[in-house]
> 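Could you have a look at this structure, given as structure tokens, before my questions?
Below, read A as the first sequence line, B as the second, and so on, with proteins coming before strands; counting in each chain starts at 1. In what follows, every heavy atom counts, from backbone to side chain, and hydrogens, waters and symmetry copies are set aside. Given the structure is predicted, the values throughout are model-derived calculations rather than measurements.
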Number of protein chains: 2
Amino acid sequence: MDSHENDKPARRPTLSQVARIAGVSEITASRALRNGSVVAKATRARVEKAARALNYVPNRLAGTLAGGASRQVGVILPSLSNIVFADVLKGLEARLEDDGYHPILGISHYDPKREEQLLRDLLMWRPAGLVLAPAQMTEATRSLLGAADMPIVEVMDIDRPVTDMAVGFSHHTAGRAMAHFLVGRGYRKFAYLGHDISTDFRALARLDGFREGLAEIGVALSETRIMQGPSSVLLGKQGIEALLRDASERPEAVFFSNDDMAVGAVFHCQGAGIANPDDLALAGFNGLSIGQALPTPLTTIASNREEIGFAAADSIVQKLRGLAPQSVRRIDFRLVPGATA
Amino acid sequence: MDSHENDKPARRPTLSQVARIAGVSEITASRALRNGSVVAKATRARVEKAARALNYVPNRLAGTLAGGASRQVGVILPSLSNIVFADVLKGLEARLEDDGYHPILGISHYDPKREEQLLRDLLMWRPAGLVLAPAQMTEATRSLLGAADMPIVEVMDIDRPVTDMAVGFSHHTAGRAMAHFLVGRGYRKFAYLGHDISTDFRALARLDGFREGLAEIGVALSETRIMQGPSSVLLGKQGIEALLRDASERPEAVFFSNDDMAVGAVFHCQGAGIANPDDLALAGFNGLSIGQALPTPLTTIASNREEIGFAAADSIVQKLRGLAPQSVRRIDFRLVPGATA
DNA sequence: GTGAAAGCGCTAACAC
DNA sequence: GTGTTAGCGCTTTCAC
């Protein structure tokens, strides 16, 4: 039977045992096992041999408590349901791992209260740094962050005031850019189709920017439709169908909250015999590979999500090394003119 | 300036300070702040007030070192590049969070050596449990797992011998099931199109099962094509194009390593005027929503990835509570007859 | 219901 | 180059 259920201690080997076998003091063993310390070559060899013989695995809880810096970084993301935040996490993990750090993860589900609780939980582990893609922070969250004496990066968005550092781009500007692009293509009658936006303020910022971009040319958004629930290909498909059914006059171009939604619309149009972009122009957001592999590649805005994660982790690591990375790093979006608008 | 760069201690408040303010001993404060201990109601209130006043955040490193159980669970996944393992992680995180646990994450990139190193790293944090979706384990990995005195779950796959527990399904059986289904639909000339499979032994198991399923009916796979690189929609698109170009005789049905690849093929067929399934039948694997939203929904096998993650975390948590969950939990696949085969 | 003492496994600081 | 001492912040005994 496994002994983790009850039974006696059966502890893992400790540094003290390694030291005894190697015939040195604990601290010498400690120095030998970490790099960068001055230890006689022969001593180091003896200690390493003893450690190997015992299958010694250092206890970082003890090490960190005793004064070593933690090698954990708290990461709080709002969702893992689409590939967007998985990409960010991928970039984060890659950069952190390069320096021997590991993410402790929490998913807030776009819930500020849950985000606050997660932050509290992760802080108990005394991480070396913190990465968040915050939704709307609570007052307590803000205060916890203010008191947290460690590098903190907010990712995805650089519009809001920064606690410590931020890595991302302006979603408002991205929305505006798409407005300008579509107007440039000659469209004048616009609709917006989004998923439940109350929770996703970055999508809301893009919509705002889109509206503003249109307004600058004297054009107004003729319809804004918000679907219930999280974004998905299916939701976009249903949404565009409903929008076209209900519209008194068909829009020339539709801007979607993201690519998932837009791809759903492409599928609907294929089935319904609506030609893109001639009958209806479609534009998404995110630059997902699925959109680019379509027979008619999606017009969209690419966000460099993995790079954002990578840069965020890099900022943390740099600051921990005593360097001073820029407090705001812009990893800008890129307009991808496809074949659908 | 931030004080995490140098400067003086500036430590966080400790339990000792909370105790002093509340006018009790450390241990009483400790008991008051954890639930389940006998403390006078009034005392608890005083301690909680003091803790709040100080913005006290318990130090779990110290707590765990002193004998409390860790609330971290090590998670090693091979990839975050497609939604598959992000789904697993989502399920894991959800169940872990329910009991106050948090995942520490490592991504192995399907590299056994890297997996081993990650395991070593995560073990240093003395997690309460371990979840892996192992590729081919090294000898050292196996030995580390054997010596790790904690619940361990291997996810995704239940074909291999189990270290402690496993949650998933048989990929071999899934491949066989697809073979039987396609034969049942009347196809007799089959091709397989996969991504670089050397690293992904689960895809390989499906291929084996597919071959075996065909062999049972006396049919052989007439072509097996492996594309270089990780799977993607684009790779599937390029792959099917090349396969059809080079084939002396067009297959009736193609089985893909996964849905991404298969969707790429659907897109190619749309562009090339090849009717699915009449000119060519296509079948994928995973049951991604993108495939189901296609104008012609993809024939595929759905894997319940989020549920697998959830069940894996549940097994860990149960075992930590002293219960004895089944050592193998099958979260079976489901054949999804679509419109492409 | 509360407390005193001891120690978890390690490292910083200061010797020598 | 190596060792001694003194903690890090908490929880586990075992008392009372």
> May I have all residue pairs that pass salt bridge (Lys or Arg N to Asp or Glu O under 4.0 Å) and include part of residues 71-95 of chain A, sequence neighbours excluded?
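Pairs touching residues 71-95 of chain A that pass the test: A:Asp87-A:Arg305, A:Lys90-A:Glu306, A:Arg95-A:Asp99, A:Arg95-A:Asp314.
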> Work out how much the helix from C:dG1-D:dC16 to C:dC16-D:dG1 bends between its end axes, five pairs an end, to the nearest 10 degrees.
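Comparing the first five pairs with the last five, the axes sit 30° apart.
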> Evaluate whether atom CZ of A:Arg330 has more than 12 neighbouring non-hydrogen atoms of other residues, nucleotides or ligands under 6.0 angstrom away.
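No, because the 6.0 Å sphere around CZ of A:Arg330 holds 12 heavy atoms or fewer from other groups.
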> Within less than 4.0 Å of OP1 or OP2 of C:dG3, is there a side-chain N or O belonging to B:Ser25?
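Answer is yes, contact under 4.0 Å.
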> Taking atom C1' of C:dT2 as reference, at what distance in whole Å does atom CG of B:Leu33 sit?
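In whole Å, C:dT2 C1' lies 16 Å from B:Leu33 CG.
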> Do the side-chain N or O atoms of B:Thr43 get closer than 4.0 angstrom to the phosphate oxygens (OP1, OP2) of C:dT2?
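B:Thr43 to C:dT2 OP1/OP2: side-chain N or O found under 4.0 Å.
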> Please test A:Leu65 against A:Leu61 for side chain to side chain contact (heavy atoms under 4.5 Å, CB included), starting from the C-alpha separation and ending with a verdict.
CA-CA 6 Å; A:Leu65 185 62; A:Leu61 298 175; over 6 Å; no
> Rounded at 0.5 Å granularity, tell me how far CG in B:Leu145 sits from CD in B:Glu116.
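The CD atom of B:Glu116 is 10.0 Å from CG of B:Leu145, to the nearest 0.5 Å.
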> Please tell me which of the listed nucleotides, C:dG3, D:dG9, C:dG9, lies nearest to the side chain of B:Val24?
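My answer, after comparing the listed nucleotides, is C:dG3.
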> Taking C-beta and beyond as the side chain, do B:Leu105 and B:Leu89 meet within less than 4.5 Å on heavy atoms?
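Yes, close enough: below the 4.5 Å cut-off.
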> Please determine whether side chain to side chain contact (heavy atoms under 4.5 Å, CB included) holds for the pair A:Arg142 and A:Glu139, giving the CA-CA distance in whole Å, both sets of side-chain angles, and the decisive distance to 0.1 Å.
CA-CA 5 Å; A:Arg142 230 180 298 275; A:Glu139 204 38 68; 3.9 Å; yes
> Between the side chains of B:Ser315 and B:Arg329, is a donor N or O closer than 3.5 angstrom to an acceptor N or O?
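Present: a donor and an acceptor within the cut-off.
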> Whole Å only: how far is the CG atom of A:Leu65 from the C1' atom of C:dC8?
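To the nearest whole Å, that distance equals 9 Å.
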> So, is A:Arg44 near the phosphate of D:dG1, with a side-chain N or O under 4.0 Å from OP1 or OP2?
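No, because none of the side-chain N or O atoms of A:Arg44 sits under 4.0 Å from OP1 or OP2 of D:dG1.
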> State, yes or no, whether a side-chain contact exists between B:Pro78 and B:Met156 at a heavy-atom distance under 4.5 Å.
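The answer is no, as the side chains (C-beta and beyond) never meet within the 4.5 Å cut-off.
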> Rounded to whole Å, please give me the gap between CZ in A:Arg12 and C1' in C:dG9.
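My rounded result for the distance is 13 Å.
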> Check the distance between C:dG7's C1' and A:Leu61's CG and give it to me in whole angstrom.
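Roughly 15 Å, once rounded to whole Å.
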> What one-letter contact string describes nucleotides 10-16 of chain C from 5' to 3', where B marks a base within less than 4.0 Å of any protein heavy atom, S marks contact via sugar-phosphate atoms alone, and - marks no contact?
BBB----
> Let me know the distance between CE of B:Met124 and P of C:dG9, rounded to the nearest Å.
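Atom-to-atom, B:Met124 to C:dG9, this comes out as 16 Å.
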> Using a 4.0 Å heavy-atom cut-off, does B:Val39 contact any base of the nucleic acid, only the sugar-phosphate backbone, or nothing at all?
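Sugar-phosphate, no base atom in range.
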> Please report the C-alpha distance between A:His109 and A:Ile107 in whole Å, then the side-chain angles of each, then the deciding distance to 0.1 Å, and finally whether the side chain to side chain contact (heavy atoms under 4.5 Å, CB included) criterion is met.
CA-CA 6 Å; A:His109 301 271; A:Ile107 304 296; 3.8 Å; yes
